Every structure is written in C-alpha cells, then in structure tokens.
Visitor: 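There's a structure below that I have some questions on.
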Amino acid sequence: MNVVAPIGQFASRRDVATDGEHPRVVVADIAARPRSTARIITVANEKGGVGKTTLALHLAVALADTGHKVLAIDLDRRQQSLNRVLTNRDGTARRLGVRLPLPRHLVLQQQSGAMLCQEVARLGWDCDYVVIDAPGHDSPIGRRAIAMADLLVSPLNCSFLDLDLIGRFHPVNGRLLGPGCFAAMVGELRAAREEAGLSGPDWLVVLNRKRRETSHNQSKVEAALGKLAPRLGFRLGAGLHERVAYRDLFELGLTHLDLHRIPDLPRSRGVAAAEILQLLDDLRLEPAGPEAANVLPLQPAHLG
Ligand SMILES: Nc1ncnc2c1ncn2[C@@H]1O[C@H](COP(=O)(O)OP(=O)(O)OP(=O)(O)O)[C@@H](O)[C@H]1O
Ligand SMILES: [Mg+2]
C-alpha cells in the first residue's frame with residue numbers, strides 16, 4: 001500500500017518519533033528474519049487503557065470462530081491480560097466440556113525482535129493469523145510488532161487526550177498542527193519499510209467506548225480523525241460502543257460471540273457480536289496462508 005509520509009509542517013515532528021530506537025534499525029531487525037505465511041495483526045497505541053487488549057481478545061476469538069488458526073501474542077509481560085483471559089478460556093472449555101474456538105497464546109518473556117519472530121515461527125507456523133497485543137507505552141518490542149505487522153489496529157477513546165497521540169490541533173482555531181507522537185512513529189516505521197522495499201502496514205484506527213447518544217465531544221473527535229486519516233494514511237473503522245458485554249465475561253475467557261455455544265447462559269442480544277463482526281469487516285483482511293482460496297468466509301455460521 002502507498003504510505004503517506006509526513007509532509008510539510010508534519011516533517012518537523014520527527015523529533016517525537018526518533019525519540020526511541022531508529023525506525024531503520026527496527027525495520028532492518030524484522031526484515032532480516034524469516035517469517036511465516038500467517039498474516040500479522042498488531043493492536044497498538046502507546047496510550048494506555050484505550051482497549052488494545054479488549055480488541056485483541058475479540059479479534060483473536062472472532063477469527064478463530066470463523067475457522068482460522070490463530071496465535072495470540074501478549075507483549076505485556078507484566079500485566080499479561082490477554083494471555084490470562086485466553087488461559088481462562090482454555091479452562092472454561094475444559095470445565096464445561098464445550099467446544100470453543102481456542103486461539104493459541106503466549107506471553108513474550110524475552111522481549112527481542114529475534115524472540116518475537118522465533119515465537120511466530122514456532123507456534124504460528126501453521127496459523128492463518130497472529131494477533132499481537134502491544135503494551136500501552138512506547139517500547140522497542142512494541143515498535144518491532146508494528147514494523148512486522150500486515151495490519152496495525154489502533155483503538156482510542158473519544159477524548160482529545162487520546163487524540164493528541166494521533167494528531168495535534170491548535171487549541172483555539174482547531175488548525176491541524178501535525179501528527180501526535182504515536183502517529184509520527186508509525187509514519188517513520190512505514191517510511192523505513194518502504195525504503196527497505198516493503199509495503200504497509202495497513203492502518204486501521206478505531207474509536208472505542210463510544211457513547212450511544214451523540215455527544216459534542218465525540219463528534220469533534222470523529223471530525224478530527226476524519227481530517228487526519230488522509231494525511232496520515234489510516235482508515236477509520238466504525239468503532240465500538242461502551243458496553244458491559246466487552247468485559248463481563250473476562251474471568252471465564254468468553255466473549256459474546258461464544259454465548260451460543262454455552263448451555264444455560266443467557267443469550268446475547270447480539271449487538272456486541274455484530275459490532276465485532278463489523279470490526280472484522282473493517283479490517284479488510286485478505287485471505288491468509290497458501291491455501292487462501294479454501295479458508296472459510298469471515299462470518300461465523302451462527303450469525304450468518
Ligand atoms: N468498548 C468497551 N466497553 C466497555 N469497557 C471497555 C471497552 N473497551 C475497553 N473497556 C474496558 O476498559 C479498560 C481498559 O481496556 P484494555 O485493558 O483493553 O485497554 P488497553 O489499551 O489494553 O490497556 P493497557 O494500555 O493497560 O494495556 C478495561 O477495564 C476494559 O474492560
Ligand atoms: Mg492491554
């Protein structure tokens with residue numbers, strides 16, 4: 001895909017991006033290593049608490065639910081939230097004796113590009129998708145996960161605090177000043193990939209915890225993202241609303257996509273499941289792996 005590099009006044013924001021390891025070094029580290037045929041989806045935003053783990057879980061489960069082999073990698077070795085919820089899921093399937101789609105999962109303990117690629121090759125060699133959950137701060141391993149992604153998914157809350165990491169606007173006249181620190185870093189990594197003869201990653205930005213009633217603040221954030229999308233080269237997804245459904249089954253490792261498989265649990269009204277399916281649509285995933293022509297359509301049978 002064609003990467004939109006920072007232009008004009010945007011170029012002056014290089015300072016924020018080159019704050020960490022140089023993007024060329026990061027890309028060279030990743031590009032030199034053998035990679036599997038699995039498509040890599042990295043869920044990242046260096047802002048904390050925006051819903052990365054929530055999205056990574058639902059994406060991993062939704063992709064597994066459509067018959068794909070999925071490996072989920074948790075880069076946050078301190079919190080390990082994604083790995084814990086998927087471990088709970090394995091336990092729930094065993095205890096209840098139900099057949100749940102079970103993504104493979106691991107925490108990346110040794111945080112190097114070499115180990116990340118090795119784990120993708122070791123556990124993801126026959127997978128269709130690898131879903132990587134990045135920590136809520138800038139880190140060398142987070143940058144590598146973005147640099148190796150086919151698709152980057154970045155959730156953010158409907159707040160100007162969160163928007164500030166994607167784009168900076170003049171507080172009085174609302175004029176666009178440049179990319180925020182996270183977007184600048186993504187731009188630099190994409191430019192480094194292009195220099196190395198690689199394309200992508202494709203980038204989807206998703207508003208999370210949207211309110212049901214339209215608020216002035218939410219409309220302003222949405223308008224700002226609409227302005228930023230063509231400048232920074234991302235697509236804007238339909239987003240997810242604030243719903244208890246995205247967190248109430250954490251201890252069981254379940255999502256509302258699973259409820260039809262569990263006897264005696266109240267059925268979902270389907271709104272959260274429908275939103276996740278919309279998110280899958282927004283990803284515009286190309287069929288994965290060498291047998292791409294034979295993979296199932298991205299639509300769970302029970303919701304078809
Ligand atoms: N759409 C949503 N509706 C309701 N609650 C949500 C939604 N998305 C996320 N949450 C809740 O918001 C909190 C933060 O979400 P999550 O842990 O997924 O964020 P994160 O970006 O992974 O955080 P970190 O940066 O710490 O890794 C959690 O309590 C989660 O259950
Ligand atoms: Mg998280």
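Since the structure is predicted, the reported quantities are computational estimates derived from the model, not experimental observations. Indexing begins at 1, ligand by ligand and atom by atom, following the structure's order.
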Visitor: Donor-acceptor pair, Arg235 side chain versus Asp282 backbone, under 3.5 Å?
Guide: yes
Visitor: What atoms of ligand 1 come closer than 4.0 angstrom to any heavy atom of Gly48?
Guide: 25 (O)
Visitor: Check the surroundings of atom CZ in Arg284: do more than 12 heavy atoms from other residues, nucleotides or ligands lie under 6.0 Å from it?
Guide: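 No.
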Visitor: Would Thr53 count as a contact for the Mg ion (ligand 2), in the sense that one of its N, O or S atoms lies under 2.8 Å from it?
Guide: yes
Visitor: Would a distance-only check, ignoring hydrogens and angles, find a side-chain to backbone donor-acceptor pair under 3.5 Å from Glu119 to Leu106?
Guide: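 A pair under 3.5 Å: no.
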Visitor: Would you mind checking which non-hydrogen protein atom is closest to atom 7 (C) of ligand 1, with the distance to 0.1 Å?
Guide: Arg209 CG, 3.7 Å
Visitor: Identify, for atom 19 (O) of ligand 1, the protein heavy atom at the shortest distance, and state residue, atom and that distance.
Guide: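 Scanning the protein heavy atoms, the shortest distance from atom 19 (O) of ligand 1 goes to Gly51 N, 3.0 Å.
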Visitor: Is it the side chain, the backbone, both or neither of His241 that has a heavy atom closer than 4.0 Å to ligand 1?
Guide: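 It is the backbone that touches ligand 1; the side chain stays farther off.
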Visitor: Between Met185 and Cys181, is there a side-chain heavy-atom distance shorter than 4.5 Å?
Guide: no
Visitor: Just which atoms of ligand 1 are under 4.0 Å from any heavy atom in Gln79?
Guide: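 Those qualifying, in numeric order: 26 (O).
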Visitor: Give the residue and atom name of whichever protein heavy atom lies nearest to atom 17 (O) of ligand 1, and the separation in Å to one decimal.
Guide: Thr53 CB, 4.2 Å
Visitor: Just need the protein heavy atom nearest to atom 31 (O) of ligand 1, so name the residue and atom and give the distance.
Guide: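 The closest one turns out to be Arg247 CB, 3.3 Å.
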Visitor: Can you tell which part of Val244 has a heavy atom less than 4.0 Å from ligand 1: side chain, backbone, both or neither?
Guide: neither
Visitor: Are any of the N/O atoms on Pro135, whether in the backbone or the side chain, positioned under 3.5 angstrom from an N/O atom of ligand 1?
Guide: no
Visitor: Within the supplied structure, the quantity of interest is the number of heavy atoms (other residues, nucleotides, ligands) at a distance under 6.0 Å from Glu242 CD; does it exceed 12?
Guide: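 Enclosed: over 12 neighbouring heavy atoms sit under 6.0 Å from CD of Glu242.
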Visitor: What is the closest protein heavy atom to atom 21 (O) of ligand 1, and at what distance does it sit?
Guide: Lys52 NZ, 2.8 Å
Visitor: Number the atoms of ligand 1 from 1 as they appear, then name those within less than 4.0 Å of a heavy atom of Val50, with their elements.
Guide: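 Per the distance check, 19 (O), 20 (P), 21 (O).
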Visitor: Could you tell me whether the side chain of Arg190 and the main chain of Pro201 form a donor-acceptor pair under 3.5 Å?
Guide: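 The answer is yes, because a donor-acceptor pair under 3.5 Å joins these two groups.
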Visitor: Would you check if the side chain of Arg77 reaches a backbone N or O of Gln109 as a donor-acceptor pair within less than 3.5 Å?
Guide: yes
Visitor: Show which atoms of ligand 1 fall inside a sub-4.0 Å distance from at least one heavy-atom site of Tyr246.
Guide: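 Taking each heavy atom of Tyr246 in turn, ligand 1 has 1 (N), 2 (C), 3 (N) under 4.0 Å.
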Visitor: Checking Asp162 against Phe182 for the side chain to side chain contact (heavy atoms under 4.5 Å, CB included) test, could you report, in this order, the C-alpha distance in whole Å, the side-chain angles of both residues, the deciding distance, and whether it holds?
Guide: CA-CA 10 Å; Asp162 287 18; Phe182 179 70; over 6 Å; no
Visitor: Are any side-chain N or O atoms of Ser154 and backbone N or O atoms of Val205, one a donor and one an acceptor, separated by less than 3.5 Å?
Guide: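 No: the side chain of Ser154 does not pair with the backbone of Val205.
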Visitor: Where the side chain of Asp128 meets the backbone of Ala38, is there a donor-acceptor pair that is under 3.5 Å apart?
Guide: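 The answer is no, because no donor-acceptor pair under 3.5 Å joins these two groups.
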Visitor: If I take atom CG from residue Leu151 and atom OH from residue Tyr129, how far apart are they, to the nearest 0.5 angstrom?
Guide: 10.0 Å
Visitor: Identify the protein heavy atom lying closest to atom 9 (C) of ligand 1, giving its residue, its atom name and the separation to 0.1 Å.
Guide: Thr54 OG1, 3.4 Å
Visitor: Among all protein non-hydrogen atoms, which one is nearest to atom 8 (N) of ligand 1, and what is the separation to 0.1 Å?
Guide: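 Going atom by atom, the protein heavy atom closest to atom 8 (N) of ligand 1 ends up being Asn208 ND2, 2.9 Å.
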Visitor: So how far is it from Phe169 CZ to Lys227 NZ, rounded to the nearest 0.5 Å?
Guide: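 The CZ atom of Phe169 sits 5.5 Å away from the NZ atom of Lys227.
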Visitor: Which atoms from ligand 1 have a heavy atom of Gly136 less than 4.0 Å away?
Guide: 25 (O)
Visitor: Mark whether atom 28 (C) of ligand 1 lies under 4.0 angstrom from at least one protein heavy atom.
Guide: no
Visitor: Hey, is ligand 1 close enough to Arg243 that some N/O pair sits below 3.5 Å?
Guide: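 Right, the criterion is met.
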Visitor: How far is atom 23 (O) of ligand 1 from its nearest protein heavy atom, and which residue and atom is that?
Guide: Gly49 N, 3.1 Å
